[in-house]
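Just below is one structure, and these are the notes that go with it.
What's counted below: heavy atoms across the whole structure, side chains too, no hydrogens, waters or symmetry copies. Protein chains get the first letters and strands the later ones, always in sequence-line order, with residue 1 at the start of each.
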Protein chains: 2
Amino acid sequence: MLKKQLIMEKALELFSEQGFEATSVQQITERCGISKGAFYLSFKTKDELVISMVDYYLQQFIIDVDRVVRGKYNKETILVEFYKSIFQAFKDHSASARVFFNEKVFLTKKELFYKITAYEAEMSKSIIYMLEQLYQDKLQKTKYDVMYCIKGFMKSYAELFIFSDMPLDLEQLAKSLAEKTDIIARHTTIPFITEELVTFIAKPCEQDISKDTLLQLMEQNIDNTEDSIEKESLELLKQEIEKPTYSKAIIKGLIENLRLNPVYHWIAYVCAKYFNI
Amino acid sequence: MLKKQLIMEKALELFSEQGFEATSVQQITERCGISKGAFYLSFKTKDELVISMVDYYLQQFIIDVDRVVRGKYNKETILVEFYKSIFQAFKDHSASARVFFNEKVFLTKKELFYKITAYEAEMSKSIIYMLEQLYQDKLQKTKYDVMYCIKGFMKSYAELFIFSDMPLDLEQLAKSLAEKTDIIARHTTIPFITEELVTFIAKPCEQDISKDTLLQLMEQNIDNTEDSIEKESLELLKQEIEKPTYSKAIIKGLIENLRLNPVYHWIAYVCAKYFNI
DNA sequence: TATACTAATGACTAATCGGTCATTTGTCAA
DNA sequence: TTGACAAATGACCGATTAGTCATTAGTATA
C-alpha cells in the first residue's frame with residue numbers, strides 16, 4: 001500500500017513535468033528507487049496506474065468540495081468558503097491539478113473519460129446543492145447556468161495557480177468570485193443550460209450507486225487493507241448492506257472510523273451516500 | 001504548400017482521436033497516402049509539425065475574434081456577436097478545439113508553451129479592447145476581472161461543443177452569455193486581477209512586434225510563396241518597412257491583397273498592427 | 001531520345017517502449 | 001542452521017518509435 005502511494009506520487013511529478021505518454025515506466029521506477037519488476041507487482045499495467053491515480057487525486061478534491069458545501073457555514077460566507085477551499089486545493093496540489101485538469105490525453109482512453117466525467121458530475125451536483133441551499137426556488141430556471149459560470153470561474157482563475165507560484169491573496173480572490181457569483185445568481189434572466197442538457201453530458205455516470213457495485217467496492221477495499229479497526233468497520237458495513245441490522249448512530253460511527261484515514265475517504269463518502277447519512 | 005496542409009489536417013484528425021504522443025508519424029503518412037520520406041520533406045521533425053499546427057489553427061481563431069471585436073457592430077449587439085463567433089468556431093472546428101484547448105501535452109514543450117501563452121495574451125488584448133469600447137472608463141478597476149470571467153464562460157460552455165455534437169441554439173447561448181457578461185461588468189465591485197498580474201502571466205510574449213522579427217517573418221513568407229499578387233504585395237510591404245514610401249491607402253490595399261488568401265491571414269494581421277491600420 | 005533535375009519512396013537503424021520471468025535476496029518459524 | 005515462502009530484481013523480449021538515405025519515378029528541357 002505504501003509502495004503504491006510512493007509510485008503514484010513520483011509518477012505525478014513526472015507526468016506534471018513531461019506528460020503521461022512521454023513518461024516511461026523506467027523513469028518512474030528510477031525516481032522511486034525501485035526495480036521495474038517491483039512496479040508491476042503494484043500495478044498490472046501503466047494504464048492501471050493512471051486509473052488509480054485519477055481515483056487517488058480526484059476523490060480528495062471532490063470530497064473537500066462536498067464537505068464545504070454541506071458544512072455548517074452561514075449563507076453570507078458559504079460562497080467565500082467554497083472558493084477558498086477550491087483554490088487552496090489548487091495551490092497545495094498544483095501538480096495534480098496540472099495533470100488532471102489540463103492533460104486530457106486521458107480523454108482518449110474510454111475508461112478514464114467515463115471516470116473523469118463521473119467526477120465532474122459529482123462536482124456539479126455539489127455546486128447545485130449549494131446553490132439550492134443559498135437561493136432556494138429563486139434560482140429554478142437559471143441554477144444550471146450559474147453552476148456553469150462557477151465552473152468557468154474555477155477554470156479561468158485556476159491558471160494563476162497552475163502555471164506560476166506567485167503569492168496570491170486567497171481571501172481576496174474568494175471574496176471577489178463570491179461577489180461575482182452572487183451577482184450572476186441574482187440578475188441572470190436568460191437561461192441556456194437545462195437539466196436535460198446536464199444529464200445528457202453526464203450520461204456515462206451511474207445516477208446512484210447500486211447495491212452490487214458498492215458491495216464489490218467494499219470487497220476490493222477489504223482485500224487491500226490490513227489495519228484492524230478499518231477492516232472491521234468495512235466488514236460490518238458490508239454485512240449491513242446485505243442485511244440491515246444496526247441503528248443509524250452505529251452506522252455513522254463505523255463510517256466515521258473510515259473517514260479518519262485518508263485512504264478510506266472515498267469509500268466512507270460513498271457509504272454515507274448509500275445510507276443517507 | 002498543399003502537402004503541408006494535407007499533413008496538418010490529417011494529423012489534426014488523429015491527434016483529436018488519440019492524442020499527440022500516441023499518434024505515430026507512420027499513422028499520419030498512411031492516412032495522407034504518402035510515404036514516410038515525404039513527410040520529412042515537409043517537416044524536419046514531428047515537433048516541427050505540431051508547432052506549425054499551433055500557428056495554422058490558432059491564428060485563424062485569434063484573427064476571427066479580433067475581426068469581430070474591431071468590427072462595426074453597435075454597442076447593443078457586439079457582445080452577442082462576439083460569443084456567436086466564438087462558439088461558431090468551436091462548432092466548426094471542434095477537432096482543433098479538442099486538440100489545442102484540451103490536450104496540454106503541448107505545455108510540457110517550452111517552445112509551444114510560449115507560443116500558446118502568446119496567443120492567449122493576444123486573445124486577452126482583444127477582449128480588453130472590446131470592454132474598453134463598450135464601457136469606457138466605467139470599468140477601470142475591474143476590466144481584467146471581467147476579461148477573466150469571459151474567458152471562464154468560454155472554457156466552461158465550450159465543453160458543450162467539444163465533447164458532443166448535439167444541436168444547440170447558438171443565438172440563445174450568445175444572448176445568455178452576453179447578458180451574464182453585461183451583468184458582471186455593471187455590478188462587480190471587488191477586483192482581483194490587476195494589470196501587473198496580467199502582464200506577469202503573459203510575460204513570455206513580446207509586447208510589440210519589432211521591425212526585425214517582422215522583416216524575418218516577411219522573408220519566410222516570401223520564400224514559401226509562388227503566387228504572383230501575394231508575393232508582390234509581400235515584397236512591396238517589406239520595402240515599405242525598411243523605407244517608408246507609400247501612402248496609407250496603398251499600404252492598406254496591399255495588406256488587403258494578403259488578407260483575401262487564408263494562407264496570409266496572419267502576416268496581414270501582423271502588418272496591419274505594425275502600420276497601425 | 002537523351003539528359004538533368006526534383007519529388008517521392010520504403011527498407012533500414014538505433015533507441016526505447018511496456019511488459020515478463022527465471023533468479024536472487026530477505027525474513028520468518030522450526 | 002535449515003527450509004519455506006514472499007518480495008524484489010534486472011536481463012531480456014517482441015513490438016514500435018522517430019528519423020535516414022540509397023534508390024526509383026516522374027517531368028521538363030534540349
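Note on residues 31-44 of chain A: pairs passing side chain to side chain donor-acceptor pair (under 3.5 Å), not counting sequence neighbours, are Glu13(A)-Arg31(A), Glu17(A)-Arg31(A).
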TODO: For salt bridge (Lys or Arg N to Asp or Glu O under 4.0 Å), just list the numbers for Glu159(B) and Arg98(B), CA-CA rounded to whole Å, side-chain angles, deciding distance to a tenth of an Å, and then say yes or no.
DONE: CA-CA 9 Å; Glu159(B) 84 168 34; Arg98(B) 243 193 309 279; over 6 Å; no
Open item on the list: Run the side-chain contact (heavy atoms from CB on, under 4.5 Å) test on Glu9(B) and Tyr57(B) for me, step by step, so that the C-alpha distance in whole Å, both residues' side-chain angles and the decisive distance to 0.1 Å come before the verdict.
Closed with: CA-CA 10 Å; Glu9(B) 273 159 31; Tyr57(B) 289 105; 3.5 Å; yes
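Aromatic ring centres of Phe100(B) and Tyr119(B): separated by at least 6.0 Å.
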Check nucleotides 18-23 of chain C for protein N or O atoms closer than 3.5 Å to its own N or O atoms and list the pairs.
from: dG18(C); atom 1: OP1; to: Lys46(A); atom 2: NZ; distance (Å): 3.0
from: dG18(C); atom 1: OP2; to: Val25(A); atom 2: N; distance (Å): 3.0
from: dG18(C); atom 1: N7; to: Lys36(A); atom 2: NZ; distance (Å): 3.0
from: dG19(C); atom 1: OP2; to: Tyr40(A); atom 2: OH; distance (Å): 3.2
from: dG19(C); atom 1: OP2; to: Lys46(A); atom 2: N; distance (Å): 2.8
from: dG19(C); atom 1: N7; to: Lys36(A); atom 2: NZ; distance (Å): 3.1
from: dG19(C); atom 1: O6; to: Lys36(A); atom 2: NZ; distance (Å): 2.5

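At a cut-off of 3.5 Å, with distance as the only test, a side-chain donor of Gln88(B) or Asp92(B) sits close to an acceptor on the other residue.
The span of DNA chain D lying next to chain A, judged by atoms under 4.0 Å from heavy atoms, is bounded 5' to 3' by dA8(D) to dG10(D).
As a whole-Å value, the separation of Leu14(A) CG from dC17(C) P is 12 Å. If you take CG of Leu41(B) and P of dT6(C), they are 13 Å apart, rounded to a whole angstrom.
Using a distance-only test at 3.5 Å, with no hydrogens or angles considered, no donor-acceptor pair links the side chain of Gln59(B) to the main chain of Tyr56(B).
Toward the 5' end of DNA chain C, the nearer of the two residues Ala38(B) and Gln27(A), judged by each one's closest nucleotide, is Ala38(B).
Direction of the helix axis in the helix from dT1(C)-dA30(D) to dT27(C)-dA4(D) shifts by 10° between the two five-pair termini, rounded to 10°.
Two residues are said to be in side-chain contact when any heavy atoms from C-beta on lie closer than 4.5 Å; Phe161(A) and Ser94(A) fail this criterion.
With sequence neighbours excluded, the residues that form a side chain to side chain donor-acceptor pair (under 3.5 Å) with Asp66(A) are Arg70(A), Ser126(A). The salt bridge (charged side-chain N to carboxylate O under 4.0 Å, His left out) test applied to Lys151(A) returns Glu120(A), not counting sequence neighbours.
The CG atom of Leu49(B) sits 4.5 Å away from the CZ atom of Phe39(B) when rounded to the nearest 0.5 Å.
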